[in-house]
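If you're wondering where the values come from, they're calculated on a predicted model, not measured in any experiment. Both ligands and their constituent atoms are indexed starting at 1 by order of listing.
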Amino acid sequence: MAGRRVVVFPSSAELGPVLAHLVISRAEKAIASHGRFTLGLSGGSLVSMLSKELLALPQPDCSKWVIGFCDERLVSFDDPESTFGLYKSQLFPKINIPESGILTIDSSLPVAECAEDYACKLKQVFPGEEFPVFDLLLLGMGPDGHTCSLFPGHPLLEETKKIVAPISDSPKPPPQRVTMTFPVVNAARCVTFVSTGGSKATVLKEVLEGGKASPYPAARVVPTSGELFWLIDDPAAAALTIQVERPGAGAKL
Ligand SMILES: O=C1O[C@H](COP(=O)(O)O)[C@@H](O)[C@H](O)[C@H]1O
């Protein structure tokens, strides 16, 4: 790992613009180095923050972006639980990303087939790689310490071969989902968690200060050689005792 950076902001209002700049800077770097930018998105609270903040910046050229989903709920795209559906209504039509650059699940398939189908789509985009190496994965963390659709105590935490796995007993609704596995998450060039709000404070302390024995899935995100950022706000950071960065206004990561 290139070193973990825990960066704390007074609130989402200060965090959001830094997140958007990080996405743009990693996109520019990736396109300059290998001609495209591969980005994995999460759902939940990230969707509205990212959409709002990216749209507040001068329009980037997204024609060389390829977007996948770190996890997705197996519901139709017009269901309010669909992560793709939310980005479709809040972000995608407003940026110039080609439709072919967005890797969606086929939500009409049974969950196991849906995971296989999505894994095939990823393999086509990352030919020859045992595990896809995304330029940037944006992750959230639930108050139970889950990330992607990798939940505490679930057997999927031990998956070492599949790049995408089905889950049909998600403790957080909806129960049927597909998720990237840890080998994919940890292969990324940059992984960035965004975690805000006081409901995350207790678990965040365990995840960031609990060491290798931590039972929380988010603590297992340790990129092999990539960067790891935790962007959090003061309420989420309330219980932390580790040293953190507190950037000033206009900071860029
Ligand atoms: O169910 C999910 O939850 C996590 C965390 O969401 P948050 O709203 O607590 O930030 C999210 O990262 C994941 O993509 C989603 O499917």
Side-chain angles (χ1 to χ4, degrees), residues 7-9 11-12 15-16 19 23 39-53 67-77 79-92 102-105 107 111 114-115 118 122 134 136-154 156-157 164-182 184-186 188 190-208 216-221 228-238:
V7 191
V8 182
F9 301 84
S11 72
S12 302
L15 189 162
L19 169 67
V23 173
L39 169 66
L41 298 176
S42 291
S45 54
L46 180 73
V47 181
S48 53
M49 182 195 290
L50 182 69
S51 302
K52 173 174 161 256
E53 299 295 346
I67 292 184
F69 295 88
C70 300
D71 69 321
E72 179 59 286
R73 294 104 180 258
L74 195 65
V75 292
S76 70
F77 292 154
D79 187 303
E81 293 280 14
S82 164
T83 296
F84 167 72
L86 291 178
Y87 282 108
K88 193 178 168 211
S89 66
Q90 297 181 40
L91 181 66
F92 293 151
I102 303 174
L103 307 172
T104 55
I105 64 160
S107 60
V111 70
C114 177
Y118 184 53
L122 293 187
F134 276 82
L136 175 62
L137 295 180
L138 298 179
L139 301 184
M141 181 192 71
D144 59 355
H146 85 269
T147 189
C148 300
S149 286
L150 298 163
F151 290 89
H154 198 280
L156 278 188
L157 303 188
V164 175
I167 172 166
S168 50
D169 56 356
S170 165
K172 177 178 173 181
Q176 298 201 100
R177 294 154 171 251
V178 300
T179 184
M180 286 183 189
T181 57
F182 281 123
V184 177
V185 172
N186 285 328
C190 179
V191 179
T192 298
F193 277 94
V194 179
S195 196
T196 58
S199 68
K200 312 274 169 84
T202 309
V203 77
L204 195 58
K205 181 177 175 61
E206 297 283 339
V207 166
L208 294 179
Y216 296 105
R220 295 199 187 195
V221 176
L228 175 61
F229 288 98
W230 277 87
L231 308 186
I232 58 188
D233 67 358
D234 265 331

Within ligand 1, which atoms have a heavy atom of [X] less than 4.0 Å away?
X: Ser42; value: 12 (O), 14 (O)
X: Gly44; value: 6 (O), 8 (O)
X: Gly140; value: 12 (O)
X: Arg177; value: 1 (O), 2 (C), 16 (O)

Distance (rounded to the nearest 0.5 Å) between Leu150 CG and Leu139 CG = 9.5 Å

ask   = Nearest 0.5 Å, what's the CG-CG distance between Leu15 and Leu231?
value = 5.0 Å

query = Taking all non-hydrogen atoms of both residues, which atom of Ser107 and which atom of Phe77 are closest, and how far apart?
reply =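 So the two residues come closest at OG-CE2, 4.2 Å.
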
How far is [atom] from its nearest protein heavy atom, and which residue and atom name does that atom have?
atom: atom 11 (C) of ligand 1; value: Gly43 O, 3.9 Å
atom: atom 4 (C) of ligand 1; value: His146 NE2, 3.3 Å
atom: atom 15 (C) of ligand 1; value: Arg73 NH2, 3.4 Å
atom: atom 9 (O) of ligand 1; value: Lys200 NZ, 3.0 Å

ask   = Side chains of Ile102 and Lys88: closer than 4.5 Å at any heavy-atom pair?
value = no

Contact check, side chains of Val203 and Asp144, non-hydrogen atoms, under 4.5 Å =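 Of all side-chain heavy-atom pairs linking Asp144 with Val203, none is under 4.5 Å.
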
key: Given Thr192, Leu204, Val221, the one that forms side chain to side chain contact (heavy atoms under 4.5 Å, CB included) with Trp230   =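 Exactly one pass, corresponding to Leu204.
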
message = Name the residue from Asp169, Thr83, Leu74, Ile167 that meets the side chain to side chain contact (heavy atoms under 4.5 Å, CB included) definition with Arg177.
response =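 Among the candidates, only Ile167 passes.
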
ask   = Out of Pro171, Ser45, Ser195, whose heavy atom sits nearest atom 10 (O) of ligand 1?
value =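 Minimum heavy-atom distance to atom 10 (O) of ligand 1 goes to Ser45.
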
key: Nearest neighbour of atom 13 (C) of ligand 1 from the list Thr83, Val194, Asp71, on a heavy-atom basis   = Asp71

message = Would Lys172 count as being in polar contact with ligand 1, using the rule that some N or O on each side must be under 3.5 angstrom apart?
response =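 Yes: some nitrogen or oxygen of Lys172 is under 3.5 Å from one in ligand 1.
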
ask   = In terms of the angle between their ring planes, are Phe69 and Phe84 parallel, tilted or perpendicular, with boundaries placed at 30° and 60°?
value = perpendicular

